[in-house]
Amino acid sequence: MNNFDGNKLIQEFSKIQSELFPRIKLENNFQIENVQLIAGVDLSYWNLNERKYGTCCIVIIDYSTKVIVEKVYSYGEIQTPYIPGFLAFRELPLVIEAVKKLTKQPDIYMFDGNGYLHYRHMGIATHASFFLNKPTIGVAKSYLKIQDVDFIMPENLKGSYTDIVINNEVYGRALRTRISVKPIFVSCGNWIDLDSSTEIVLNCINNESRLPIPVRLADLETHKIRKLLMESGME
DNA sequence: GCGACAG
DNA sequence: ATCTTGTCGC
């Protein structure tokens with residue numbers, strides 16, 4: 001992760017993103033009735049001997065009962081730096097490794113980060129869809145400002161939202177999942193529409209967090225696994 | 001030098 | 001993302 005050529009990396013990454021972009025399909029007559037299992041994906045990091053490591057956790061829940069159905073994780077050294085707009089290149093290697101360990105196949109993956117709400121519509125949720133071949137949703141905790149466009153704060157009511165429109169195109173929305181708590185930023189990943197994404201996210205909110213359960217659980221899990229790996233010396 | 005900046 | 005305790009408020 002050291003001495004890399006930042007400009008060369010960004011050029012290479014931008015090219016990959018622009019090549020994937022035409023394959024995005026948001027109008028997919030997505031059927032929520034067919035959703036049974038939802039996966040939440042998240043990562044956490046730590047340093048050791050001048051190197052950076054990370055763990056990716058995936059938690060699958062049953063959409064109707066909210067019961068945890070499966071948990072898996074992967075971990076390893078992180079090879080790519082964090083560059084705003086290119087999060088996928090840093091996190092996807094471990095995500096893909098973790099996905100291989102799943103014994104159940106989720107109907108949807110929810111990511112901690114954006115999807116279509118991105119400079120080139122290629123946030124991690126969208127980028128990941130091409131490896132997962134499943135619909136994905138992006139859920140970010142903070143706003144990634146694009147082309148100087150600010151988001152409009154939604155009303156202080158659970159479920160209220162404002163769309164984020166840039167050049168006449170809806171990129172995503174600021175969604176208030178709990179009253180008197182900062183909104184989250186929901187966007188399509190791929191093969192799903194924004195209304196369905198919003199409905200699913202809202203249906204996964206409980207009293208524990210402003211984040212939907214799958215992502216929240218994956219987040220908690222990464223902290224547990226990191227602690228476990230660090231204490232065991234990470235052999 | 002200063003501000004931006006998903007995680 | 002990460003470094004980190006108590007504390008104010010519903």
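First the proteins, then the strands, lettered A, B, ... as listed; each starts at 1.
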| request: Looking at every strand, decide which applies to N47(A) at a 4.0 Å heavy-atom threshold: base, sugar-phosphate, or nothing. | output: nothing
| query | With centres under 5.5 Å and planes under 30°, do Y82(A) and dG7(B) count as stacked? | reply | yes
| To the nearest angstrom, how far is N114(A) atom CG from dC5(B) atom P? | 12 Å
| Out of curiosity, L43(A) CG to D219(A) CG, how far, rounded to the nearest 0.5 Å? | 10.5 Å
| query | Any side-chain N or O of S142(A) less than 4.0 Å from the OP1 or OP2 oxygen of dG7(B)? | reply | yes
| request: Grab the CG-P distance between L211(A) and dA1(C) for me, whole Å please. | output: 9 Å
| field | C1' spacing across the pair dT4(C) / dG3(B), given as an integer number of angstrom | value | 26 Å
| Under 30°, 30 to 60°, or over 60°: which ring-plane class applies to F185(A) and Y143(A), parallel, tilted or perpendicular? | tilted
| note | From CG of L92(A) across to P of dG7(B) the rounded distance in Å is 15 Å
| Within the structure shown, what part of the strands sits under 4.0 Å from G138(A) by heavy-atom distance: base, sugar-phosphate, or nothing? | nothing
| said: Measuring only the C1' atom in each nucleotide, how far is dT2(C) from dC5(B)? A whole number of Å is fine. | reply: 15 Å
| request: Please name the residue in the list V69(A), L37(A), L217(A), V67(A) that meets the side-chain contact (heavy atoms from CB on, under 4.5 Å) test with I61(A). | output: L217(A)
| request: Mind calculating the distance between CG (D42(A)) and C1' (dG7(B)) to the nearest angstrom? | output: 8 Å
| said: What contact category does D112(A) fall into here, base, sugar-phosphate, or nothing, at under 4.0 angstrom with non-hydrogen atoms? | reply: sugar-phosphate
| message | At less than 4.0 Å, is any side-chain N or O atom of K141(A) found next to OP1 or OP2 of dG7(B)? Yes or no. | response | yes
| message | Regarding K71(A) and E221(A), does a basic nitrogen lie under 4.0 Å from an acidic carboxylate oxygen? | response | yes
| query | Between atom CZ in F185(A) and atom C1' in dC5(B), what is the gap in whole Å? | reply | 14 Å
| task | Mark yes when over 12 heavy atoms from residues, nucleotides or ligands other than K227(A) sit less than 6.0 Å from its NZ; otherwise mark no. | result | no
| field | Euclidean distance, atom CG of residue L43(A) to atom C1' of dG7(B) [Å, nearest integer] | value | 9 Å
| query | dT5(C) and dC2(B): how far apart are their C1' atoms, nearest whole angstrom? | reply | 32 Å
| task | Quick one: label H127(A) by what it contacts on the DNA or RNA (base, sugar-phosphate, nothing), any heavy atom closer than 4.0 Å. | result | nothing
| task | Just call it for F86(A): base, sugar-phosphate, or nothing, with non-hydrogen atoms closer than 4.0 Å on any strand. | result | base
| message | Here's one to test your reading of the geometry: is the NZ or CZ of K15(A) within 45 degrees of the ring axis of F13(A) and under 6.0 Å from its centre? | response | no
| task | Report yes if a side-chain nitrogen or oxygen of Y143(A) is closer than 4.0 Å to either non-bridging phosphate oxygen (OP1 or OP2) of dA6(B); otherwise report no. | result | no
| Just checking L117(A): base, sugar-phosphate only, or nothing, at a heavy-atom cut-off of under 4.0 Å? | nothing
| query | Got a salt bridge between K104(A) and E70(A), using NZ or NE/NH1/NH2 to carboxylate O under 4.0 Å? | reply | no
| task | Report the distance from atom CZ of R120(A) to atom C1' of dA6(B), rounded to the nearest whole Å. | result | 13 Å
| task | Would you kindly give the CG-to-P distance between L94(A) and dA1(C), to the nearest whole Å? | result | 16 Å
| task | Determine the interplanar angle of the F89(A) and F86(A) rings, folded into 0 to 90°, and report it as parallel if under 30°, tilted if 30 to 60°, perpendicular if over 60°. | result | tilted
| request: Look at R226(A) and dT2(C) and indicate whether a side-chain polar atom (N or O) is within less than 4.0 Å of OP1 or OP2. | output: yes
| message | Closest approach to the side chain of S44(A), judged atom by atom: which nucleotide of dA6(B), dA1(C), dG7(B) is it? | response | dA1(C)
| note | The contact string for nucleotides 4-10 of chain C, one letter per nucleotide 5' to 3', using protein heavy atoms under 4.0 Å with B, S and - for base, sugar-phosphate only and none, comes out as -------
